Amino acid sequence: MAIVFEKPKSLTDVPYHYCPGCTHGIVHRLVAEAIDALGIEGRTVGIAPVGCSVMAYDYFKCDMIEASHGRAPAVATGVKRSMPDNIVFTYQGDGDLASIGLCETVSTACRGENITIIFINNAIYGMTGGQMAPTSLIGQVTQTSPYGRDAKTQGMPIRICELLATLDAPAYLERVAVNSVAHVRQAKKAILKAFKNQVEGKGFSLVEVVSTCPTNWGLTPDKACQFVEEKMIPFYPLGCYKDRE
Amino acid sequence: MSSKVLMKGNEAIAEAAIRCGCRHYFGYPITPQTEIAAYMAKRMPKIGGTFLQAESEIAAINMVYGCASTGRRAMTSSSSPGISLKAEGMSYLAGSDLPALIVNVQRGGPGLGGIQPSQSDYFFMTRGPGHGDFHIIVLAPATVQEMADMTRLAFELGEKYRMPAMLLADGTMGQMMEPVVLPEDTVDPETIPATKPWATTGTQMKRPHNIINSLYLKPDELEKTNYERFERYAKLEKEECRWEEYLMDDAEVCVISVGITARVAKNAIAAARKEGIKVGMIRPITLYPFPKEPIAKAAAKVKSFLTVELNMGQMNEDVKLAIGCSKPVAMCNRVGGMIPSADEVLAAIRKEAK
Amino acid sequence: MTYETIMAGFGGQGLLFSGKVLAHAALIENKELSWLPSYGPEMRGGTCNCSVIVSDEPVGSPIIAHPNVLMVMNEPSLDKFEDTVAPGGTIFVDSALIARKVRRTDVEVVYIPATKMATDMEAKGLANMIILGAIVEKLRCVDPDNVEEALKETISARKAALLDLNLKAVEAGREFIRGEKA
């Protein structure tokens with residue numbers, strides 16, 4: 001019998017702890033598929049963040065390091081500088097990358113470190129139970145914006161790809177989503193490219209994945225995907241923001 | 001011709017680190033330790049090493065964390081306010097059982113404080129250099145020669161006990177020049193990671209993946225890691241205490257001091273001896289582990305102790321603990337960047353000798 | 001014998017450097033020594049000093065409370081350090097920059113118009129080396145020839161062109177003392 005579908009080789013057998021309908025699982029898979037496709041598992045070191053994907057170190061078969069909140073790009077820099085031939089990626093959420101770790105994100109991008117960053121933007125702090133993220137939309141109700149995010153007192157959401165696109169150093173910045181099959185396909189291409197860039201020494205590559213959080217959004221998985229389409233993507237337009245080919 | 005060279009303490013640390021196989025330095029400028037970064041910036045590119053001026057102290061210590069995860073001898077350096085920022089990183093290094101070298105060339109505090117010498121991070125470094133239950137090895141050099149020698153010791157002890165190690169100096173030690181014999185350049189940096197089977201160097205598809213981590217969501221597991229770590233600390237405390245005894249044979253007054261104040265105290269002790277006062281000194285070289293034993297032994301013989309320090313009496317408490325408050329422990333101190341003169345220390349010794 | 005030297009003046013007068021050269025000369029002689037700079041936030045113009053101890057015995061504290069050699073290149077430094085000098089010590093005053101006389105009577109004083117001498121010999125900025133030459137010629141705390149050797153070792157390749165001028169400045173200071181003795 002022909003095998004038509006199987007788990008990527010660079011994923012472990014540890015079952016995900018993610019909530020039903022959460023898109024972390026899809027993105028983990030896409031990352032693992034890229035690692036498999038490029039045959040780099042043995043020389044890849046991944047950096048897990050603090051946030052829902054904190055235990056990503058259990059799911060990837062490559063060597064993994066757990067970083068403190070927001071510091072994954074600095075940790076990745078330390079790894080990459082000591083082993084330039086290894087492939088180093090970070091996997092970070094919006095609180096980690098765009099709030100507490102914004103300085104590390106921008107500085108690492110600015111240095112053009114030859115690493116790959118997978119940035120999960122689901123507009124909320126999931127692990128701590130649904131607080132406002134730097135990327136939460138205006139009007140979005142969270143535990144810490146119970147009356148909806150108010151631009152006057154809580155500021156505007158931050159668009160990371162657009163922000164980093166103003167820098168000269170990054171090689172590749174793309175925003176994708178995983179709320180539909182077509183979008184997943186596009187995301188798969190982008191993530192593969194972000195890893196391939198590193199293999200080829202092209203420099204800093206970041207893929208922002210507009211993701212869901214059905215649990216904390218208070219939506220069914222299906223409605224959450226709709227929310228991405230109708231609310232998130234209009235504010236966070238998909239597409240390539242920089243590609244230094 | 002002797003192989004002595006004239007170097008600032010800060011430069012001696014940097015050169016010694018390189019000779020000990022350190023090829024990765026991550027730092028951020030702050031007085032009075034910037035010479036370390038400047039020295040590394042000059043040397044590292046020429047020997048295929050990394051010098052990286054990080055965006056912050058926080059980033060620098062996390063780069064060290066990443067680099068140490070790959071088994072390399074990694075280091076960073078800073079001064080007191082910058083060390084506050086590194087506290088999070090030190091906790092993660094300790095929680096992940098990673099060896100790394102952190103240099104703290106102390107200046108006066110709290111807050112922005114000043115830039116003149118201080119020993120006011122004593123508690124911070126020996127008690128709680130970050131959140132959680134942990135220690136780092138703390139070494140206190142008092143000569144430029146010791147700055148170089150202890151750089152090697154810090155790397156070696158850190159690796160032996162799998163924990164971060166700190167050189168805790170003060171502004172004077174960093175800035176002064178003395179002749180120094182640098183350690184032999186015998187360590188091949190390429191061979192170090194192989195001695196660390198836990199390092200995340202890539203599986204090469206030959207072993208299960210290594211994980212560098214300090215997260216344990218199950219309390220019983222976390223408890224176990226804490227107990228295991230403190231067993232290592234107990235061994236460290238038993239086997240690695242270092243100190244210097246000076247004129248202690250017949251001493252009735254025992255001075256306890258480290259770093260620059262130990263040197264001032266030596267002058268004062270020499271002057272007091274001329275006056276016939278029987279005074280000696282125990283100079284702790286390791287601050288964690290603190291050399292309790294020799295101090296407790298001295299308590300059986302001397303009338304009193306006198307700590308000489310650049311803080312409000314932080315080491316004084318450790319001496320009291322070491323001797324179970326069995327003898328008076330006086331203090332001669334200056335703070336804020338001031339240093340007690342030998343005359344001030346002499347006056348304090350005279351008072352204790354009465 | 002222990003020589004505890006403080007060199008003091010404005011930042012930019014090369015005081016740390018002249019101290020470094022003295023320390024280096026002592027190193028060549030395998031003497032015990034320490035060199036300690038004052039350090040402040042300003043790079044130029046502020047007060048600046050360094051302490052150099054040269055001894056046959058191991059150096060205890062590198063901090064000098066009572067120098068037996070004082071070199072001053074501005075009046076605030078003379079005001080600050082004059083009273084600290086050990087009785088019987090020697091004070092070297094750049095008399096081109098400091099108008100007043102030393103008030104102490106229990107110390108020896110050498111008034112040397114080093115800054116003017118430097119200008120006259122087109123060695124502007126090397127008054128520090130002129131006074132250093134005078135110090136070692138007078139006190140022999142290190143062999144003056146070793147100061148020249150130390151200069152050769154200390155002056156970076158980038159500034160090699162300045163070596164000759166530095167050597168001349170040291171020699172001018174030595175000559176000043178020899179002339180004074182004669």
Side-chain angles (χ1 to χ4, degrees), chain A residues 9-12 14 17 35 39-50 54-88 90 100-111 113 115 127, chain B residues 22-26 44 48-74 76 87-93 95-96 98 100 130-131 189 192-193 198-217:
Chain A
K9 293 198 167 47
S10 52
L11 285 178
T12 65
V14 180
H17 68 283
I35 292 172
I40 52 174
E41 184 194 315
R43 59 180 174 124
T44 296
V45 179
I47 322 288
V50 172
V54 64
M55 282 183 292
Y57 54 75
D58 276 338
Y59 307 141
F60 292 102
K61 248 189 213 163
C62 57
D63 278 353
M64 293 293 293
I65 300 170
E66 167 52 34
S68 59
H69 200 19
R71 318 299 172 215
V75 175
T77 299
V79 175
K80 190 70 181 182
R81 293 294 180 111
S82 58
M83 304 188 305
D85 296 332
N86 285 52
I87 303 303
V88 184
T90 74
I100 194 166
L102 186 60
C103 177
E104 282 79 2
T105 304
V106 173
S107 301
T108 307
C110 212
R111 285 193 303 270
E113 294 290 341
I115 63 166
M127 187 175 71
Chain B
C22 173
R23 290 293 179 277
H24 302 280
Y25 172 92
F26 306 93
M44 283 301 195
T50 298
F51 162 81
L52 203 160
Q53 181 168 326
E55 58 270 30
S56 69
E57 303 291 2
I58 300 170
I61 190 80
N62 280 284
M63 289 171 187
V64 165
Y65 176 85
C67 185
S69 295
T70 72
R72 269 69 177 175
R73 284 191 166 171
T76 184
E88 174 198 67
M90 289 192 283
S91 175
Y92 277 71
L93 283 165
S96 305
L98 288 175
H131 63 281
I192 297 170
W198 45 263
T200 50
T201 50
T203 64
Q204 314 304 325
M205 309 304 273
K206 286 176 187 158
R207 57 162 170 79
H209 66 165
N210 283 339
I211 300 173
I212 300 293
N213 177 38
S214 58
L215 178 69
Y216 296 87
L217 289 174

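Here is how names work: the chains are called A, B, and so on, in the same order as the sequence lines, proteins then strands, and each is numbered from 1. The structure displayed is predicted, hence computed values, not measured ones.
Pairing each heavy atom of A:Glu113 with each of B:Leu52, the nearest pair is OE2-CD1, 3.9 Å. Looking at every heavy atom in both residues, B:Thr70 comes nearest to A:Ser82 through OG1-OG, 2.9 Å. For the pair B:Ser69 and A:Ile65, the tightest heavy-atom approach, listed with the atom from each and the gap, is CB-CD1, 3.4 Å. A:His69 approaches B:Tyr92 most closely through the heavy-atom pair N-OH, 4.3 Å. Nearest approach of B:Thr203 to A:Lys61, heavy atoms of both residues: CG2-O, 3.9 Å.
Using a 4.5 Å cut-off between heavy atoms, A:Cys103 contacts chain B through both its backbone and its side chain. For chain A, the nearby part of B:Ala199 is the backbone; its heavy atoms alone come within less than 4.5 Å. Both the backbone and the side chain of B:Gln204 come within less than 4.5 Å of a heavy atom of chain A.
A donor-acceptor contact closer than 3.5 angstrom links the side chains of A:Ser68 and B:Asn62.
In this structure, the side chains of A:Asp63 and B:Arg207 come closer than 4.5 Å at one or more pairs of heavy atoms. The closest side-chain heavy-atom distance from A:Arg71 to B:Met63 is not below 4.5 Å. Between B:Leu217 and A:Met55 there is a side-chain heavy-atom pair separated by less than 4.5 Å.
Counting only distance, with no hydrogens or angles, the side chain of B:His24 and the backbone of A:Gly78 share no donor-acceptor pair below 3.5 Å. Side-chain atoms of A:Asn86 come within 3.5 Å of backbone N or O of B:Thr201 as a donor-acceptor pair.
Taken to the nearest 0.5 Å, the SG atom of A:Cys62 stands 10.0 Å off from the CE atom of B:Met205. How far OG of B:Ser56 is from CD of A:Glu104: 5.0 Å, rounded to the nearest 0.5 Å. To the nearest 0.5 angstrom, B:Cys67 atom SG is 9.0 Å from A:Met83 atom CE. Rounding to the nearest 0.5 angstrom, the gap separating the CE atom in B:Met44 from the CZ atom in A:Arg81 is 12.5 Å. One distance of note links CG of A:Asp58 with CG of B:Asn213; it measures 8.0 Å at 0.5 Å rounding. With rounding to the nearest 0.5 Å, the separation of CG in B:Leu215 from OH in A:Tyr57 is 4.0 Å.
Ranked by heavy-atom pairs shorter than 4.5 Å toward chain A, the options B:Arg72, B:Arg23, B:Lys206 are led by B:Arg72.
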